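One structure is given here, and the rest of the page talks about it.
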2 protein chains.
Amino acid sequence: MNNDRAPAVICTVDVVLLTLEQGQLKVALVRRERAPFAQALALPGGYIHAQDDVDTQASAARVLRDKAGLDSPYLEQLATFSGAVRDPRGWSVAVAYCALVPPETLAQAEGRVPLVAVDALPPLPFDHRQIIDTAVQRVRSKSQYSSLPVHLCAEPFTLPQLQAVYEAVLGEAINKVSFRRKMDELAMLEPVHGALQTGGAHRPAQLYRVRAAYRRSLSLSARGL
Amino acid sequence: MNNDRAPAVICTVDVVLLTLEQGQLKVALVRRERAPFAQALALPGGYIHAQDDVDTQASAARVLRDKAGLDSPYLEQLATFSGAVRDPRGWSVAVAYCALVPPETLAQAEGRVPLVAVDALPPLPFDHRQIIDTAVQRVRSKSQYSSLPVHLCAEPFTLPQLQAVYEAVLGEAINKVSFRRKMDELAMLEPVHGALQTGGAHRPAQLYRVRAAYRRSLSLSARGL
DNA sequence: GTAATAGTGTCTTTCAGACACTATCCT
DNA sequence: AGGATAGTGTCTGAAAGACACTATTAC
């Protein structure tokens with residue numbers, strides 16, 4: 001009972017930044033500048049800066065800003081990965097966060113970040129493969145009953161567009177009537193009055209945006225049951 | 001870019017040990033031996049021991065063993081709480097775990113740990129109130145669609161007993177037919193052949209236990225959709 | 001007009017809750 | 001026998017999917 005002060009533990013955050021490109025869920029990776037695994041593609045991450053960050057959520061936002069050059073409205077804690085062997089530098093704790101952005105947001109960020117389809121990941125350092133798998137599993141699971149996928153859709157969007165996003169994430173077709181009923185009862189979207197998406201050789205579609213009241217609370221919504 | 005090595009961060013684990021007593025969800029607290037908040041009731045927790053623990057899950061199991069004197073078959077990572085102000089000693093990261101045990105298991109542990117109803121918590125140090133609230137919310141949410149509450153029920157148990165546990169956790173009555181249909185299709189329980197619970201002035205009830213295949217995987221089960 | 005997709009009305013199927021009935025114990 | 005709870009069959013209403021139909025654009 002005399003060694004409460006344990007040897008230092010390495011404290012980091014890692015961010016799984018997901019987006020949708022060509023109908024596929026993809027994760028943003030960055031090339032590591034320093035050892036270990038210098039030059040390797042890995043999740044954007046870094047040490048917690050106790051002097052700058054108020055908490056790990058702020059650390060994750062900072063990492064995202066520094067390494068991917070963007071802010072993500074959706075940034076949720078995923079899980080914490082830890083242990084003696086996951087990092088060659090020593091015993092480490094990595095608080096992992098999951099960010100979702102529409103592809104348009106990533107395009108603004110100069111395209112510095114390589115995107116890799118989550119179903120075809122290359123070998124990755126640390127336990128980043130496991131972290132990504134956990135994030136994808138979580139996103140797919142939550143998409144079954146929540147409005148989470150709207151974060152992958154740039155506003156304004158049409159209902160057919162949003163449905164396509166849901167279908168891409170879930171990997172299966174969704175009934176159109178059921179989908180619209182669900183969106184309607186979630187009461188989370190509002191039509192942009194007078195704004196229709198034209199251009200196609202067919203009836204134009206109503207454009208929608210997320211109601212202000214739901215802008216920030218989406219990540220907090222548990223199940224609606 | 002020259003201060004990668006941030007000032008030391010305090011790394012701890014905290015365990016929310018929940019059980020069911022008198023039809024109420026209760027959390028086990030321990031009296032702190034050391035500052036800060038010495039003598040106060042708080043969640044069992046402690047530093048990560050990098051030399052002993054393989055990961056934070058092991059740290060949580062050790063804390064549970066040392067401070068509550070028991071092993072919990074169900075021990076799942078809850079979330080990580082962090083920041084500059086939650087601990088007066090400095091910037092800290094607390095990986096919180098949630099454990100569920102039947103009341104019989106706690107009784108074996110000499111009753112050293114005070115139990116407090118989660119709906120009537122006293123003021124608690126750190127952000128332990130928030131951690132407990134998060135755990136309770138998670139357990140209630142998961143209980144709606146998963147078999148998680150079986151961990152609160154000592155084996156063997158009858159279906160009416162298990163239903164009462166569900167009802168206590170969820171705080172509402174459940175339809176008997178629906179409950180049995182759900183348990184049946186989860187295919188997670190098996191009857192203990194020939195074992196009935198007698199003694200009541202009524203028809204005896206079939207005793208059940210969790211199938212071996214589901215013993216360990218319950219905490220991993222996401223939604224069954 | 002024709003092709004193509006948006007959007008809606010309605011039928012069908014599926015699932016959860018309500019209810020009632022039987023079963024089996026103790027007293 | 002009577003009371004009490006275990007366990008089951010069946011009806012009903014709500015929700016989800018299937019399908020078909022109308023609406024509106026470009027060409």
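Worth saying up front: this structure is predicted, and the values here are computed from it rather than measured. Each chain gets a letter, A, B and so on, in the order the sequences are listed, and its residues count up from 1.
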Measure [atom1]/[X] against [atom2]/[N] and give the value in whole Å, please.
X	N	atom1	atom2	result
A/H202	C/dT5	NE2	P	6 Å
A/Q144	D/dA16	CD	C1'	15 Å
A/Q206	D/dT25	CD	C1'	15 Å
A/Q197	D/dT24	CD	P	18 Å
B/L196	D/dA6	CG	C1'	10 Å

Main-chain N/O of A/L78 paired with A/R138 side-chain donor or acceptor, under 3.5 Å |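 Here the side-chain-to-backbone pair exists.
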Give a yes or no on whether the backbone of A/L75 and the side-chain of A/Q57 come within a donor-acceptor separation of less than 3.5 Å.
-> yes
Taking the nucleotide of DNA chain C with the closest heavy atom to each, which residue, B/E185 or B/P204, is nearer the 5' end?
->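 Comparing both residues, the 5'-ward one is B/E185.
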Which of residues 163-184 of chain B sit near DNA chain C, with a heavy atom under 4.0 Å from it?
->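 Only B/N175, B/V177, B/S178, B/R181, B/K182 qualify.
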Sidechain N-carboxylate O distance under 4.0 Å for B/D133, B/R129 =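 Counted as a salt bridge, because a side-chain N and a carboxylate O are separated by less than 4.0 Å.
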Given DNA chain D, 5'-ward residue of the pair B/A201 and A/R203, judged by closest heavy atom | B/A201
Going by atom types only, do B/T56 and B/Y97 share a side-chain donor-acceptor pair under 3.5 Å?
-> yes
Indicate the ring-plane relationship of B/H151 and B/Y74, choosing parallel, tilted or perpendicular according to the 30° and 60° boundaries.
-> tilted
Of all residues at least two apart in sequence or in a different chain, which pass the ring pair (Phe, Tyr, Trp, His ring centres under 6.0 Å) check with B/Y208?
->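 Once residues adjacent in sequence are excluded, B/Y208 has no partner under the ring pair (Phe, Tyr, Trp, His ring centres under 6.0 Å) criterion.
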